[in-house]
Amino acid sequence: MKRINENFFKLSANELAPKLLGKILCRRFDDGSVRKARIIETECYMGEIDSASHAYKGKTERNKIMFERGGVAYVYLCYGIHFLFNIVSGEAGSPEGVLIRGVEGAVGPGNVTRYFGIDKTFYGEDLKISNILWIEDDGAQPQINYKKRIGINYAKEIDQNRLWRFIAKDI
DNA sequence: AAAGTGATCATG
DNA sequence: ATGATCACTTTG
């Protein structure tokens, strides 16, 4: 069981997203308790070349953290109700990210953040050094199903059709 | 099938 | 300043 290092998060989001499947998301709560769950579903968002990405139209107040070096959290409120948790990936200046859509015990991006108590205060949290939110690797390497991404009807058709949603088989 | 909810961004 | 738009969940 080892904590994921910096080089891992420097991968492009389309490489990082499938590799995050099987990794273990870990959260230490205020009372000291720790919750861990294996990641089973992710999507990648490829920055300036991807019309589905928040970073497609350049840097804004909301998405500026995506332009940082990989390994920090991008959290934002969706539909007024749900926080969505992304892991920024790639080098600085390359605004890519991986949306965590599901873990064992909490499927659905809004449910993941609720399960882990992730809210806007985690915006920019550095998973490489944080002691309240981090990722471990126990060597598991699940088989992967490739699907289209969800909820991006505003994007160009070519981007809607990319198989950038990654789901672990046999959980 | 459709509401519920509020930050965010583009427009004026 | 205002309004349309959302990387969704739950309920009926």
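Chain naming here is simple, since letters A, B, ... match the order of the sequence lines and numbering starts at 1 in each.
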Original post:
Is the shortest distance from a Lys or Arg side-chain nitrogen in A:Asp50 or A:Arg162 to a carboxylate oxygen in the other one below 4.0 Å?
Top reply: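 No, this pair does not count.
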
Original post:
Hey, are A:Glu43 and A:Arg101 close enough for a salt bridge, meaning a charged N less than 4.0 Å from a carboxylate O?
Top reply: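 Counted as a salt bridge, because a side-chain N and a carboxylate O are separated by less than 4.0 Å.
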
Touch class at under 4.0 angstrom, heavy-atom based, for [X] against every strand present:
{"X": "A:Asn111", "value": "sugar-phosphate"}
{"X": "A:Arg149", "value": "nothing"}
{"X": "A:Arg165", "value": "nothing"}

Subject >> Under the salt bridge (charged side-chain N to carboxylate O under 4.0 Å, His left out) test, residues paired with A:Lys128 that sit two or more places apart >> reply: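 By the salt bridge (charged side-chain N to carboxylate O under 4.0 Å, His left out) rule, A:Lys128 matches A:Asp126.
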
Original post:
Just checking, any donor-acceptor pair under 3.5 angstrom between side chains of A:Lys64 and A:Tyr123?
Top reply: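 Their side chains do not contain a donor-acceptor pair, so the 3.5 Å distance test is not met.
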
Original post:
In Å, rounded to the nearest 0.5 Å, how long is the span from NE2 of A:His54 to CG of A:Leu99?
Top reply: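 So the gap between those two atoms works out to 9.0 Å.
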
**OP:** Drop me the distance from A:Leu127's CG to A:Arg3's CZ, to the nearest 0.5 angstrom.
**Re:**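 The CZ atom of A:Arg3 is 8.0 Å from CG of A:Leu127, to the nearest 0.5 Å.
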
Subject >> Stems where DNA chain C pairs, listed by first number, each of three or more Watson-Crick or G-U pairs under 3.5 Å >> reply: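 Output for stems: B:1-4 with C:8-11, B:6-11 with C:1-6.
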
Original post:
Is A:Tyr45 reachable from A:Leu77 through a run of hydrophobic residues whose side-chain heavy atoms are each under 4.5 Å from the next?
Top reply: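 Result: no, two separate clusters.
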
**OP:** Consider only side-chain heavy atoms of I, L, V, M, F, W and Y, link residues closer than 4.5 Å, and tell whether A:Ile100 and A:Trp164 are in one cluster.
**Re:**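 Hydrophobic grouping puts A:Ile100 with A:Trp164.
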
Result block: side-chain N/O donor-acceptor pairs under 3.5 angstrom for residues 84-93 of chain A, not counting sequence neighbours:
{"residue": "A:Asn86", "atom": "ND2", "partner": "A:Tyr74", "partner atom": "O", "Å": "3.2"}
{"residue": "A:Ser89", "atom": "OG", "partner": "A:Leu11", "partner atom": "O", "Å": "3.4"}
{"residue": "A:Ser89", "atom": "OG", "partner": "A:Ala13", "partner atom": "N", "Å": "3.1"}

Original post:
Can you pull the contact range of chain A along DNA chain B, 5' to 3', using atoms under 4.0 angstrom from its heavy atoms?
Top reply: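 With heavy atoms of chain A under 4.0 Å away, the range is B:dG4 to B:dA10.
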
Subject >> Between A:Phe83 and A:Tyr76, ring centroids under 6.0 Å >> reply: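 Aromatic pair excluded; centres sit 6.0 Å or further apart.
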
Original post:
Which nucleotide of DNA chain C is the first, and which the last, in the 5' to 3' direction, to come under 4.0 Å of a heavy atom belonging to chain A?
Top reply: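 Result: C:dC6 to C:dT10.
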
Original post:
On DNA chain B, nearest-nucleotide positions of A:Gly80 versus A:Asn63: which is more 5'?
Top reply: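 The 5'-side residue here is A:Gly80.
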
Subject >> Residues forming a side-chain contact (heavy atoms from CB on, under 4.5 Å) with A:Asp137, sequence neighbours excluded >> reply: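 With sequence neighbours excluded, A:Asp137 shows a side-chain contact (heavy atoms from CB on, under 4.5 Å) to A:Lys2, A:Ile4, A:Lys23, given in chain and number order.
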
Original post:
Say you pick atom P in B:dA3 and the same atom in C:dT5; how far apart are they, in whole Å?
Top reply: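 Straight-line distance between the two P atoms is 16 Å.
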
